Participant: 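A single structure is presented below for examination.
Remember, it's a predicted structure, so these values are computed and weren't measured experimentally.
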Amino acid sequence: MHHPANSNTGTMNGSDRSYTLELAYPLPRRVQAGAPMNPPIAVRLRIRNNITGSEISAQDELSYFFINISLHRESGTGPALSQNSSTQGAVASLEPINDSPPAHADTSPADLSQQLGAFAHFSNWIIHRAGSYRVQFNLFKLEQGGPPAPGGRTVNAGHRFLTSLMPDDVLVVQDDAQSPFYGS
């Protein structure tokens with residue numbers, strides 16, 4: 001199942017780059033309320049050089065990026081439902097996969113050793129209340145003071161919003177620990 005990726009282009013460190021978030025693998029359809037998800041939700045960041053169009057590793061910047069996850073109504077509208085999920089585990093830093101481009105273009109997407117990019121894992125994020133929800137991921141970069149770069153907006157001093165992703169998938173959270181549907 002392909003998940004649409006949202007992107008926002010910004011200029012950083014004097015070079016044009018675009019940022020795209022995508023799910024590393026499909027979200028589970030059902031999870032248990034109050035329990036960690038297994039496997040945990042993971043998001044991939046892809047960074048492209050807008051001049052050449054090529055994907056780049058940007059490992060020199062990864063320590064400045066962070067992604068937060070938030071829970072929303074099934075419709076995807078309205079503010080985040082922060083009271084329904086834990087704040088612990090709601091922010092993740094990114095870990096690189098590789099720092100060199102793939103050897104061949106026809107490499108299987110499952111072969112991470114042949115991919116560029118970085119991942120954020122939300123292994124401690126827990127949803128406390130049963131219901132049907134959508135999740136949203138927001139990518140930020142820590143920055144020193146100064147005006148925001150074109151394509152980005154200042155969230156607060158030292159943080160710049162770059163892009164977000166809200167997959168169409170609906171996550172069903174159930175209280176019943178005996179359900180045979182978890183993870184399917």
Side-chain angles (χ1 to χ4, degrees), residues 1-10 12-13 17-48 55-73 76 79-99 109-110 112-113 115-129 133-144 152-173 182-183:
M1 173 186 307
H2 177 70
H3 300 277
N6 300 325
S7 65
N8 184 4
T9 303
M12 295 185 136
N13 301 328
R17 294 184 177 180
S18 62
Y19 306 90
T20 305
L21 293 175
E22 61 189 30
L23 289 173
Y25 42 83
L27 292 173
R29 290 187 204 151
R30 289 179 170 75
V31 297
Q32 181 180 346
M37 292 179 214
N38 188 13
I41 293 176
V43 179
R44 181 177 182 186
L45 169 63
R46 290 180 183 257
I47 304 171
R48 292 205 175 273
E55 188 168 350
I56 56 177
S57 72
Q59 283 195 0
D60 58 327
E61 292 185 282
L62 287 184
S63 62
Y64 298 101
F65 292 118
F66 67 95
I67 297 176
N68 79 329
I69 186 172
S70 57
L71 197 62
H72 293 264
R73 290 182 178 87
L81 304 171
S82 57
Q83 73 279 8
N84 290 12
S85 63
S86 63
T87 54
Q88 178 183 358
V91 175
S93 58
L94 289 137
E95 297 294 327
I97 303 173
N98 289 305
D99 57 2
L112 297 181
S113 68
Q115 295 184 24
L116 286 176
F119 285 91
H121 298 269
F122 297 90
S123 55
N124 294 322
W125 190 64
I126 296 172
I127 302 172
H128 298 293
R129 295 185 183 169
Y133 305 102
R134 287 177 60 195
V135 294
Q136 180 174 351
F137 304 92
N138 296 301
L139 174 66
F140 297 90
K141 184 178 182 192
L142 298 172
E143 293 186 330
Q144 295 180 8
R153 61 184 161 103
T154 301
V155 173
N156 58 36
H159 298 77
R160 183 162 60 99
F161 171 82
L162 296 174
T163 192
S164 66
L165 168 67
M166 183 181 280
D168 292 332
D169 303 39
V170 173
L171 192 62
V172 176
V173 181
Y182 292 125

Participant: His128 and Ala33: which non-hydrogen atoms are nearest, and at how many Å?
Facilitator: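 In terms of heavy atoms, the two residues are closest at O-CB, 3.7 Å.
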Participant: Side-chain contact, heavy-atom cut-off 4.5 Å: Phe65 with Leu162?
Facilitator: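 Yes - at least one pair of side-chain heavy atoms lies under 4.5 Å apart.
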Participant: What closest approach, in Å, do Ala92 and Ala120 show between heavy atoms, and which atom pair accounts for it?
Facilitator: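 Where Ala92 meets Ala120 most closely, the heavy atoms are CB-CB, 3.8 Å.
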Participant: Heavy atoms, side chains only, cut-off 4.5 Å: are Leu171 and Ile127 in contact?
Facilitator: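 Of all side-chain heavy-atom pairs linking Ile127 with Leu171, at least one is under 4.5 Å.
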Participant: Before accepting this row, confirm whether a basic side-chain N of the pair Arg44/Glu55 lies closer than 4.0 Å to the acidic partner's carboxylate O.
Facilitator: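 Yes, charged N to carboxylate O under 4.0 Å.
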Participant: Any heavy-atom pair between the side chains of Arg73 and Leu81 that's under 4.5 Å?
Facilitator: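 A side-chain contact under 4.5 Å exists here.
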Participant: Whether the side chain of Ser123 engages the backbone of Pro40 through a donor-acceptor N/O pair (distance < 3.5 Å, no angle test) should be reported.
Facilitator: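 No, because the side chain of Ser123 does not come within donor-acceptor range (under 3.5 Å) of the backbone of Pro40.
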Participant: Between Met37 and Pro28, which heavy-atom pair has the shortest distance, and what is it?
Facilitator: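 Heavy-atom minimum between the residues: SD-CG, 4.4 Å.
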Participant: For the CZ atom on Phe66, are there more than 12 heavy atoms of other groups (residues, nucleotides or ligands in this structure) within a distance under 6.0 Å?
Facilitator: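 Yes, the 6.0 Å shell around CZ holds more than 12 heavy atoms from other groups.
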Participant: Just how far is it from atom CG of Leu71 to atom CD of Gln83, taken to the nearest 0.5 Å?
Facilitator: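 Atom-to-atom, Leu71:CG and Gln83:CD are 9.0 Å apart.
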Participant: Return the CD to CD1 distance between Gln136 and Ile69, rounded to the nearest 0.5 Å.
Facilitator: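 Going from CD on Gln136 over to CD1 on Ile69, the span is 10.0 Å.
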Participant: Any heavy-atom pair between the side chains of Tyr19 and Leu21 that's under 4.5 Å?
Facilitator: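 Answer no - side chains too far apart.
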Participant: Any donor-acceptor pair under 3.5 Å linking the side chain of Arg29 with the backbone of Val172?
Facilitator: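 It does not hold such a pair.
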Participant: With rounding to the nearest 0.5 Å, note down the distance linking CG in Asn138 to CZ in Phe161.
Facilitator: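 Reported value, rounded in 0.5 Å steps: 5.0 Å.
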Participant: Using 0.5 Å steps for rounding, measure from the CG atom of Leu45 to the CG atom of Leu62.
Facilitator: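 The CG atom of Leu45 sits 7.0 Å away from the CG atom of Leu62.
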Participant: Which heavy atom of Trp125 sits nearest a heavy atom of Ser70, and at what distance?
Facilitator: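 Result for this residue pair: CZ2-C, 4.4 Å.
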Participant: Any side-chain heavy atom of His159 sitting closer than 4.5 Å to one from Leu142?
Facilitator: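 Sidechains of Leu142 and His159: in contact.
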Participant: For the CD atom of Glu22 and the CZ atom of Phe137, what is their distance to the nearest 0.5 Å?
Facilitator: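 The CD atom of Glu22 sits 11.5 Å away from the CZ atom of Phe137.
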Participant: Looking at every heavy atom in both Ala90 and Phe122, which two are closest together, and how far apart are they?
Facilitator: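 In terms of heavy atoms, the two residues are closest at O-CE2, 3.7 Å.
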Participant: Does Leu27 reach the side chain of Ile41, with side-chain heavy atoms less than 4.5 Å apart?
Facilitator: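 Yes, their side chains come closer than 4.5 Å.
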Participant: Quick one: pull up CG in Asp169 and CG in Leu23 and give me the separation to the nearest 0.5 Å.
Facilitator: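 Going from the CG atom of Asp169 to the CG atom of Leu23 covers 6.5 Å.
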